[in-house]
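Okay, structure first, notes after.
Ligands are counted one by one from 1 in listed order, and the atoms in each one are counted from 1 as well.
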Amino acid sequence: MQRHGRPPGLGVVLAGNNPASEVYVRNKLKTVTEAGCRAELFRLDVEASIDAALALVRQLNENDAVDGILVQSPLPAGMGADAEQRVFDTIDPLKDVDGFHPLNVGLLVQKRQALVACTPLGCIELLERESIPLRGKHAVVIGRSDIVGKPMAMLLLHRDATVTVCHSRTANLAEVARTADVLVAAIGRPAFVTRDYVKPGATVIDVGINSLTARAEVERCFTEGSRKRAQFAEKGSVLVGDVHPNVEEVAGALTPVPGGVGPLTIAMVLRNTVTAAELRKDRGRAV
Ligand code: NDP
C-alpha cells in the first residue's frame with residue numbers, strides 16, 4: 001500500500017456458470033477484500049468466445065489499477081480444448097496470480113523469484129507451519145498436473161526432499177506411496193488413497209475435493225452414525241478428499257477436507273496478489 005499509495009488490486013475472470021467455480025470465486029473475492037485489497041469480478045457469458053476471453057485478459061494486462069489477474073478454470077467447453085493454455089499464456093507474467101504462465105513455471109523450476117501456483121504453495125505453507133521436516137525426507141506426490149502435482153514436486157525438491165511423482169501409469173502405486181514420509185494426493189478420485197498406501201506416522205496432504213452423491217460411495221467412506229452420513233441424508237451430497245478418512249488412524253498428520261488445503265489455496269491467492277503488486281513496482285527488474 002505504501003509503495004503504490006493504494007491497496008493491491010485483483011481482477012478475477014469468471015466465464016460461464018459452473019456452480020463450483022461460483023463458490024471458489026466468491027471465496028477468493030471475499031478473502032482478498034476482507035484483507036484490505038481491491039478485488040473486481042469480470043464475468044463472461046457461457047457462450048463467450050475464446051477471443052472475448054483473450055481480449056478481456058489483454059485489457060486487464062493494460063489496466064494499471066489491476067496488479068493481479070486470476071482466470072477461474074474450467075473455461076466453458078465452447079472456448080475450445082486449448083482455451084485455458086491460451087488464456088494463461090496471454091496473462092502478463094507479472095500479474096499472473098495463479099502462477100500458470102510458462103515464464104513463471106520456468107522461473108519456479110530454476111528456483112528463481114516467481115508467482116507460484118496457489119494450491120501447492122498452500123500445501124507448503126501447511127507443512128512449514130506444522131514444522132514437518134522435508135530435508136532428506138521422501139516425498140511422494142500422486143498426480144502430475146500442471147496446476148498441482150508438478151509445481152508441488154518442484155517446491156518439495158527445493159526444500160531438499162527426495163521427490164517421487166506418481167500418476168495413472170505408475171506401477172505398484174501403493175507400494176511406492178508407502179515409502180513416503182510426506183504423501184501428497186492430488187488425483188481427483190474420491191477416497192482413493194487408503195490405509196495400505198500410507199506408512200504409519202507419515203504426513204498426508206489431501207488436495208482432492210470430491211462431491212459424493214452415491215449412497216454406496218458415502219458408505220465406503222464414512223462410518224455409520226458419523227456426521228458425514230447425517231449430512232448426506234440431509235443434503236444428498238457430501239465432500240470427501242482423495243484420501244480415505246480412515247487414513248487418519250495410521251497417518252501422523254492428515255489435512256481435513258473441507259478445511260485443509262482449500263482455505264490455504266485461497267490465502268495464497270491473497271499472498272500472490274500482494275507479491276504481484278510488489279513485482280510490478282519493480283517492473284523490468286524482477287522478470
Ligand atoms: P488433474 O485431473 O489435472 O490431474 C490428476 C492427476 O492424478 C493426473 O496426473 C493423473 O495421472 C493422476 N491420476 C488419476 N487417476 C490416477 C490413478 N488411478 N492412479 C494414480 N494417479 C492417477 O487434477 P488436478 O491436479 O487439477 O486436481 C487434483 C485434485 O485436487 C482434484 O480433486 C481437484 O478437485 C483438487 N484440487 C483442489 C484444489 C484446492 O484448492 N484444494 C485446487 C486444485 C485442485 P495422469 O497424468 O497419468 O492422467
key: Selection residues 196-216 - residue pairs positive for salt bridge (Lys or Arg N to Asp or Glu O under 4.0 Å), sequence neighbours left out   = D181-K199
ask   = Do the side chains of R6 and R38 get nearer than 4.5 Å, heavy atoms only?
value = yes
In a simple table, one pair per line, please give the protein and ligand 1 atom names for every N or O pair closer than 3.5 Å, along with the distance.
from, atom 1, to, atom 2, distance (Å)
ligand 1, 9 (O), R144, N, 2.8
ligand 1, 11 (O), S168, N, 3.3
ligand 1, 15 (N), R189, NE, 2.9
ligand 1, 21 (N), S168, N, 3.3
ligand 1, 25 (O), S145, OG, 2.5
ligand 1, 32 (O), I209, N, 3.3
ligand 1, 40 (O), T265, OG1, 3.1
ligand 1, 41 (N), V207, O, 3.4
ligand 1, 46 (O), R144, NE, 2.7
ligand 1, 47 (O), R144, NE, 3.4
ligand 1, 47 (O), R144, NH2, 2.8
ligand 1, 47 (O), S168, N, 3.1
ligand 1, 47 (O), S168, OG, 2.5

task = Determine whether the side chains of N63 and Q59 contain a donor N or O and an acceptor N or O closer than 3.5 Å.
result = no
Contact check, side chains of P151 and L108, non-hydrogen atoms, under 4.5 Å = yes
remark   = Sorted by chain and residue number, the ring-ring contact (aromatic ring centres under 6.0 Å, His included) partners of F192 (sequence neighbours excluded) come out as Y197
ask   = Which ILVMFWY residues can you reach from L212 by hopping between side chains whose heavy atoms are under 4.5 Å apart?
value = V218, F222, F232, V238, V240
